[in-house]
Amino acid sequence: MIISPLLSPLLVVSRLLAACAVCVSVATPAQPLAVKPLNYLGKLPYVESSDNRLAQQINNAIYLAMLEMPAPARLQDGLKKPKSGDGPQPLSDILFKVGRNDERILALEISAEGCGAFCENYTTSF
């Protein structure tokens, strides 16, 4: 995981915990996982599985780490853009790539642009 110098220690810890949650979730018995795009300021990964609990754990880990909000219960529900002034500034230009998706490992790479004092692109791996 590439860590930006702009990230707070709390955000770094939450991303590491999210990465661990994804690893632990995928370590359960093999389930077929489908990774679909969810349109929100670009394209975010949305994991679907016959095991809804597993998929929701993975999605929540990713969405909490990236957006500081829980994942939608269903892909069709989508995400609502936060009002300006509500919490941290949202990311933009979000894209993802599936590095590996088999019965043992789901590896995702998410690229985005975040703005604070200045804007920068970064990539996070799950």
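Quick caveat: nothing in here was measured; it's all calculated off a predicted structure.
- In this structure, CG in Leu38 is found 5.0 Å from CG in Leu79, a value given to the nearest 0.5 Å.
- For the pair Pro45/Ile110, a side-chain contact is recorded, criterion being any heavy-atom separation below 4.5 Å from C-beta on.
- Applying the salt bridge (charged side-chain N to carboxylate O under 4.0 Å, His left out) criterion to Lys36, with sequence neighbours excluded, gives Glu48.
- With values rounded to the nearest 0.5 angstrom, Gln57 atom CD is found 8.0 Å from Asp51 atom CG.
- The two residues Ser49 and Ala55 have their closest heavy-atom pair at N-CB, 3.9 Å.
- Note that the OH atom of Tyr122 and the CD atom of Glu113 stand 10.0 Å from one another [nearest 0.5 Å].
- Among residues two or more places apart in sequence or in another chain, the side-chain hydrogen bond (donor to acceptor under 3.5 Å, both in side chains) test is passed with Asn39 by Lys43.
- Among Asn59, Ile58, Ile62, Val35, the single residue meeting the side chain to side chain contact (heavy atoms under 4.5 Å, CB included) criterion with Tyr46 is Asn59.
- Residues Gly78 and Pro72 share a closest heavy-atom pair of O-CB, 3.4 Å.
- The CZ atom of Phe96 sits 14.0 Å away from the OG atom of Ser125 when rounded to the nearest 0.5 Å.
- For the salt bridge (charged side-chain N to carboxylate O under 4.0 Å, His left out) test, residues two or more places apart in sequence or in another chain that qualify with Arg74 are Asp77.
- For the atom pair CE (Met69) and CG (Asn60), the distance works out to 12.0 Å, reported to the nearest 0.5 Å.
- With a 4.5 Å cut-off on side-chain heavy atoms, Lys97 and Leu108 do not count as touching.
- With rounding to the nearest 0.5 angstrom, the CG atom of Leu67 is 5.5 Å from the CG atom of Leu44.
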Requested in this report: Output, in order, the C-alpha distance, side-chain angles, deciding distance and verdict of side chain to side chain contact (heavy atoms under 4.5 Å, CB included) for Leu33 and Leu54.
Outcome: CA-CA 9 Å; Leu33 300 174; Leu54 171 67; 4.0 Å; yes
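- A pairwise comparison of heavy atoms in Pro37 and Leu75 identifies O-CD1, 3.7 Å as the closest pair.
- Taking every heavy atom of both residues into account, Ala61 and Phe126 meet most closely at O-CE2, 4.4 Å.
- Listed here is the closest heavy atom pair of Tyr63 and Pro70: CB-C, 4.1 Å.
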